[in-house]
Amino acid sequence: FAMGLLRACLHRGVRRGGLLLGQLLVVGLGAAALLLWPFWRHNFPTHLLPVIERVFPVGRGLFQDKVGNWWWAWAQLTKGHRAHRPETLFRWCALATGLAQLPMAVSLLVMRPLKSRFLYSLAYSSLSCFLLSYHVHEKAIMLPCLAVLLLVGEAPALVCSFTLLALFSLSPLLVEKDGLTIPYALGLLGWALYWRRLLPWGRIGRGFKATLSLLSLVIAGVHVGELL
């Protein structure tokens, strides 16, 4: 959204673009101030500091439980997160997330605006934040899922595969931690069957249908192996 609005400002010239940019800044800062107003007016800054700590949870660790992102995988393979302070890891995460966002941000600024490019940029940016940001919770995968679901008209096969994998990544939280084994299993099975009826198989081809079946079997095999 930000890059699209910035592109609109740049293409309006210095005067009109600067005016539009100023209006956007006023609206953005005003909305933030309005949202934070209850925390400002009551015993400032006692009530505001916990909000900031939740948005920037530097002291809570690199990741939350068994989240399916890059930093959790890196920690399992190397245990390298134990050798660095949280502040250092926070800077690494911020740098990695910023660099990951850069290609899509540049493309939105310099290339012709298209609906498909905008939708893909939403999915790309939200997924890069999930994979590379600091202290990501398992439930945060729902934000990339929301962006990816907007692509159902552009790439239904991609949406189907991603949402199934996203639901699978929640299994440590839903099954091991919360004990929601039956709701998780029914949700996974129902979601897979729903996509099998929804997708235009004639247009997608048999190759993806076989891939989806293989993906479903792999997920089922992993869970059966855990039970054994």
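Every heavy atom of this structure was used, including side-chain atoms; hydrogens, water molecules and symmetry mates were not.
For Leu19, the side chain to side chain contact (heavy atoms under 4.5 Å, CB included) partners two or more places apart in sequence, or in a different chain, are Gln23. Checked against salt bridge (Lys or Arg N to Asp or Glu O under 4.0 Å), Lys177 has the following partners two or more places apart in sequence or in another chain: Asp65.
The same ILVMFWY cluster, assembled from side-chain heavy atoms under 4.5 Å apart, contains both Tyr120 and Phe118. Leu149 and Met142 sit in two unconnected hydrophobic clusters of ILVMFWY residues. Membership requires side-chain heavy atoms under 4.5 Å apart, directly or through other members. The hydrophobic clustering, which links ILVMFWY residues whose side-chain heavy atoms are closer than 4.5 Å, places Trp71 and Leu143 apart.
Using a 4.5 Å cut-off on side-chain heavy atoms (C-beta onward), Leu20 and Leu24 make contact. Two residues are said to be in side-chain contact when any heavy atoms from C-beta on lie closer than 4.5 Å; Trp72 and Val136 fail this criterion.
The shortest heavy-atom contact between Ser133 and Cys129 is OG-O, 2.7 Å. Nearest heavy-atom pair across Leu150 and Leu122 is CD1-CD1, 4.1 Å. Across all their heavy atoms, Glu138 and Leu170 have their closest contact at O-CD2, 3.3 Å. The two residues Arg117 and Leu108 make their nearest non-hydrogen contact at CG-CD2, 4.0 Å.
Taking CZ of Phe130 as the reference point, atom CD1 of Ile141 lies at 4.0 Å (rounded to 0.5 Å). Expressed to the nearest 0.5 Å, how far OG of Ser169 lies from CZ of Phe162 amounts to 8.0 Å. Here the straight-line distance linking atom NZ of Lys139 with atom CG of Leu174 works out to 9.0 Å at 0.5 Å rounding.
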Which pairs of donor and acceptor atoms, one on a side chain in residues 89-101, lie under 3.5 Å apart (sequence neighbours left out)?
{"from": "Thr97", "atom 1": "OG1", "to": "Cys93", "atom 2": "O", "distance (Å)": "2.7"}
{"from": "Thr97", "atom 1": "OG1", "to": "Leu132", "atom 2": "O", "distance (Å)": "3.3"}
{"from": "Gln101", "atom 1": "NE2", "to": "Ser125", "atom 2": "O", "distance (Å)": "3.0"}
{"from": "Gln101", "atom 1": "NE2", "to": "Ser128", "atom 2": "OG", "distance (Å)": "2.9"}

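Ser171 places a side-chain N or O within donor-acceptor distance of the main-chain N or O of Phe168, the cut-off being under 3.5 Å.
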**Asked** Can you list the steps and then say if Val106 with Val110 is a side-chain contact (heavy atoms from CB on, under 4.5 Å)?
**Response** CA-CA 6 Å; Val106 172; Val110 302; 4.3 Å; yes
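Taking a 6.0 Å sphere around CD1 of Ile182, one finds it holds 12 or fewer heavy atoms contributed by other residues, nucleotides or ligands.
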